Asks: 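Would you mind keeping the following structure in view while I ask a few things?
This is a predicted model, so every value here is computed, not measured.
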Amino acid sequence: MKTLSTLLFLLLFSTQISGEIFSQKAETFFQRALAHYNQDNLSDARDGFIELVKQHPSNQRTSAARFMLAKSHYKLKAYDLALNEAIALQHHYPHSRYISETDLIIGDCYFHQRQIYNAATQYARVLTSRADIRTKARAADRLGQLSGSEKLADSEIDNLKTDFNRAIIDEAIAFGKVRWHIKLGNLETGNKYLSFFLDHHPNGQFTALARQIHIPERTSPQPTPKPQKARYKIGVIAPLGTPSGEDLRNGITLARDRNPLAQIELIFEDSEGDPIRAARAAQHLVEEREVLAIIGALTSAVTTPIATMLSAQKVPLIAPTASDDGIASLSPYVFQVNATPGAQGRHIAEHAVNKQGLRTLASLASRDDYGRSIARAFATRAEDLGAEVLIQEWYEPGTTDYRRQFERIRSAGLALQAPDDLASAIDALILGDIPVAPPPPVVVDPDTVQLEVVEALDGILIAGGAEDILLITPQFHSALVSSQVLGSDGWNHDEVARDGGNYVDGAIFVAKYYDRSHLESVQNFVNAYRSRFGKEQNIVAALGYDAMLSILHGINAGGTTRDRLRDRLETLAEIPGATGQISFDKGHRENAWMYMLTIRNRRIEPYQNPQMDADGRR
């Protein structure tokens, strides 16, 4: 007890020294205002941050609230107010982690106020600060734009070089001009500036970023000619006019062109995201173009009617991105490349029980098809393996306050914990019938009572989108539940790792795609895509690539007719692909291969234990 008192004293003493005291009310205010900001309800966000700063002037969220208030003012084009708030943050919190971002806001406000040199000065401050390289690159973009558009005089640029650092300013302006011209679509000019930059700054702080966009003579992708004497026709149905449709098309085309011996002709049909158009396109591809198989569509809602229709015609359908549970069960000719929510739930349950040894579990998930599928599959599989799921809680999409859910989770965990008054029970056994006067009652102020830490829950699954996770995790931390946090692919976003801070550190989650994987097939895809299309890949492109790759392997294994291709697809196992591996089991046509990832020091990285390799694979 003495040790606990000492720890509480030290905790209280340290918070008083720092001037910040943890406040659950402030946390709730902040999360509510942040939700408004993320939903572009900027006036409500601004009012929420103002209320937080006024009512709770010194807490764990004060500097963050001032920073978000400055951003809200800026987006509302109240540049004077944004400038004042940003300057106030720097004055009151000179060591805040938002200082460099605040310099950018101050510079942008000066720019809109036509104080161009003052803006340039702020950007130069970022370049010479301890900001991360991405923030510095944004400052360089702005300096390059000011210089390239001749808004800065040569004498002003010389002043910047004198006041800050000549080499740093020279490099930043050169790098900024590269990205500025590329953003404007001036690709030829951008490449000239890029060559100049790499020649003059081979070891600069932006050189690594510059090399990522260095694509000589291939900045604009050329149309791919169809192979001569194509033996097999493959149909593709997607919303071709959308960014995701383009990514899917690029991935499919890249896989075909890297395997030219199969002699595949791709026939693209634009669904425009409409199920009826997609069904008509499928009918046209089957009856008039006589395709061997079809890849598509993009969403589950459009894929489902296609799957049902193609079942009767016995045409293989490879669904690259559709993730709803049960699509593959609609027909023995349907194959899902993406991971379903149910597969994610089963996978994380198997890891939690078999690898982590967790035995008492809980879950909090969104009350929609995604959340329900993951949480229910998680619970079913965990209990099949001998674990106990004590409680499953749900939240409606758009929720910002999760206190009631965590109160019930706390209660479930506390019910398992041994009572703290075991000593009293033992005394009663020893004393027997000897009457002992009870101690006098102690008056307790409920506001000063410390919540008991719940330690009986081994793990908790939190399944939701990235924005939900950023709102949930701070409130989970405040609930004082000591559990291993588990998650679904909603955690696999850089903003979760970056913005979640300590609240998300150590979480373990499943994901279908991880482009920093050490697997050779993944890195080959990443580099080939960048070289071919002049931009970075994403999961849609990777899934499209793997869908095409599975067909190619099926054909090479003898799947030269629709029935034979279906049979060969069912036997594909551990094919190295863009997402990792492609495997379909007979009678179970979902590619359930996944990564196990974690967050450490604001970065997503593979989770490793003795049973896993460097990529978090079991």
Side-chain angles (χ1 to χ4, degrees), residues 4 7 11 22 24 27 31 344-366 371 374-395 399 401-420 450-464 466 468-492 496-497 500-511 596-600 604 607-609 612 616:
L4 179 60
L7 288 173
L11 178 61
F22 183 85
Q24 180 59 53
E27 187 68 40
Q31 297 299 340
Q344 292 184 48
R346 290 187 291 272
H347 199 83
I348 192 64
E350 290 167 0
H351 171 83
V353 179
N354 292 339
K355 305 302 181 183
Q356 292 280 307
L358 309 183
R359 289 294 178 264
T360 54
L361 303 167
S363 69
L364 173 63
S366 54
I374 290 176
R376 289 171 179 170
F378 170 80
T380 300
R381 185 59 180 147
E383 291 181 344
D384 286 345
L385 294 172
E388 182 180 6
V389 179
L390 300 177
I391 185 171
Q392 290 195 282
E393 282 293 324
W394 312 93
Y395 65 88
T399 298
D401 187 345
Y402 304 88
R403 284 177 295 178
R404 292 187 181 278
Q405 286 90 337
F406 285 128
E407 285 172 2
R408 290 190 286 269
I409 290 172
R410 275 185 55 82
S411 297
L414 287 172
L416 287 184
Q417 294 188 181
D420 292 333
Q450 294 288 329
L451 289 176
E452 180 181 358
V453 177
V454 176
E455 296 180 339
L457 275 177
D458 295 336
I460 180 170
L461 170 70
I462 298 177
D468 294 341
I469 291 162
L470 288 172
L471 291 172
I472 290 170
T473 47
Q475 297 180 50
F476 172 69
H477 178 81
S478 302
L480 299 182
V481 178
S482 179
S483 300
Q484 172 62 58
V485 176
L486 309 166
S488 57
D489 61 356
W491 289 73
N492 191 27
V496 172
N502 293 333
Y503 298 128
V504 299
D505 203 61
I508 301 171
F509 54 94
V510 292
M596 194 65 63
L597 304 175
T598 188
I599 296 174
R600 288 192 179 93
I604 296 174
Y607 174 80
Q608 294 186 55
N609 66 17
M612 292 188 173

Asks: Go through the steps to decide whether Val485 and Ile462 satisfy the test side chain to side chain contact (heavy atoms under 4.5 Å, CB included), and finish with yes or no.
Replies: CA-CA 7 Å; Val485 176; Ile462 298 177; 4.1 Å; yes
Asks: Distance-only, no hydrogens or angles: does the Ser482 side chain make a donor-acceptor pair with backbone N or O of Val454 under 3.5 Å?
Replies: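 Pair absent, no side-chain N/O of Ser482 close to backbone of Val454.
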Asks: Between side-chain atoms of residues 405-412 and protein atoms elsewhere (two or more places apart, or another chain), which donor-acceptor pairs fall under 3.5 Å?
Replies:
from: Gln405; atom 1: NE2; to: Trp394; atom 2: O; distance (Å): 3.1
from: Arg408; atom 1: NE; to: Glu393; atom 2: OE1; distance (Å): 3.1
from: Arg408; atom 1: NE; to: Glu393; atom 2: OE2; distance (Å): 2.9
from: Arg408; atom 1: NH2; to: Glu393; atom 2: OE1; distance (Å): 3.0
from: Arg410; atom 1: NH1; to: Glu452; atom 2: O; distance (Å): 2.9
from: Arg410; atom 1: NH1; to: Ala479; atom 2: O; distance (Å): 2.8
from: Arg410; atom 1: NH1; to: Leu480; atom 2: O; distance (Å): 3.4
from: Arg410; atom 1: NH2; to: Glu452; atom 2: O; distance (Å): 2.9
from: Ser411; atom 1: OG; to: Glu407; atom 2: O; distance (Å): 3.0

Asks: How long is the gap from CZ on Arg404 to OG1 on Thr399, to the nearest 0.5 Å?
Replies: 12.0 Å
Asks: Return the CD1 to CG distance between Ile460 and Leu364, rounded to the nearest 0.5 Å.
Replies: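 Output value for this atom pair is 6.0 Å.
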Asks: Please report the closest heavy-atom contact between Ala511 and Asn492, naming both atoms and the distance.
Replies: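 Result for this residue pair: CB-ND2, 3.4 Å.
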Asks: Test side chain to side chain contact (heavy atoms under 4.5 Å, CB included) on Ser366 and Tyr395 and set out the steps.
Replies: CA-CA 5 Å; Ser366 54; Tyr395 65 88; 3.6 Å; yes
Asks: Does either side chain, that of Ser363 or that of Gln392, offer a donor lying less than 3.5 Å from an acceptor on the other one?
Replies: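 Indeed, the side chains of Ser363 and Gln392 share at least one donor-acceptor pair under 3.5 Å.
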Asks: Can you confirm whether Phe509 sits close enough to Ile348 that some side-chain heavy atom of one is under 4.5 Å from a side-chain heavy atom of the other?
Replies: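 SC-SC contact between Phe509 and Ile348 ruled out.
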Asks: Does CG belonging to Asp384 count more than 12 external heavy atoms closer than 6.0 Å?
Replies: yes
Asks: Write down the atom of Arg359, the atom of Asp458, and the distance for their closest heavy-atom approach.
Replies: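 In terms of heavy atoms, the two residues are closest at N-OD2, 2.8 Å.
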Asks: Report the C-alpha distance between Leu597 and Trp491 in whole Å, list the side-chain angles of each, state the deciding distance to 0.1 Å, and finish with yes or no for side chain to side chain contact (heavy atoms under 4.5 Å, CB included).
Replies: CA-CA 9 Å; Leu597 304 175; Trp491 289 73; over 6 Å; no
Asks: Which residues pass the side-chain hydrogen bond (donor to acceptor under 3.5 Å, both in side chains) test with Arg381, sequence neighbours left out?
Replies: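 Once residues adjacent in sequence are excluded, the partners of Arg381 under the side-chain hydrogen bond (donor to acceptor under 3.5 Å, both in side chains) criterion are Glu350.
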Asks: Any idea which heavy atoms bring Leu470 and Gln31 closest together, and the distance?
Replies: O-OE1, 3.6 Å
Asks: Measure the spacing between CG of Leu414 and CD of Glu455 and express it to the nearest 0.5 Å.
Replies: 10.5 Å
Asks: Mind checking whether Ile508 and Gln356 have side chains closer than 4.5 Å, heavy atoms only?
Replies: yes
Asks: If you take all heavy atoms of Ser488 and Ile374, which pair is closest and at what distance?
Replies: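 Minimum heavy-atom separation between Ser488 and Ile374: CB-CD1, 3.5 Å.
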Asks: Do any N or O atoms from the side chain of Gln344 and from the backbone of Phe378 form a donor-acceptor pair under 3.5 angstrom?
Replies: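 Side chain of Gln344 to backbone of Phe378, a donor-acceptor pair under 3.5 Å: no, none is there.
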Asks: Quick one: do Leu361 and Glu388 satisfy side chain to side chain contact (heavy atoms under 4.5 Å, CB included)? Show the steps, please.
Replies: CA-CA 6 Å; Leu361 303 167; Glu388 182 180 6; over 6 Å; no
Asks: For the side chain of Thr473 and the backbone of Tyr503, is there at least one donor-acceptor N/O pair under 3.5 Å apart?
Replies: no
Asks: To check you understand the geometry: which heavy-atom pair defines the closest contact between Gly464 and Ile469, and what is its length?
Replies: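 Closest heavy-atom pair between Gly464 and Ile469: O-CD1, 3.6 Å.
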Asks: Looking at Ala497 and Ile604, what are the two nearest heavy atoms and their distance?
Replies: CB-CG1, 3.9 Å
Asks: Does Asp505 offer a backbone N or O that forms a donor-acceptor pair with the side chain of Arg600 under 3.5 Å?
Replies: no
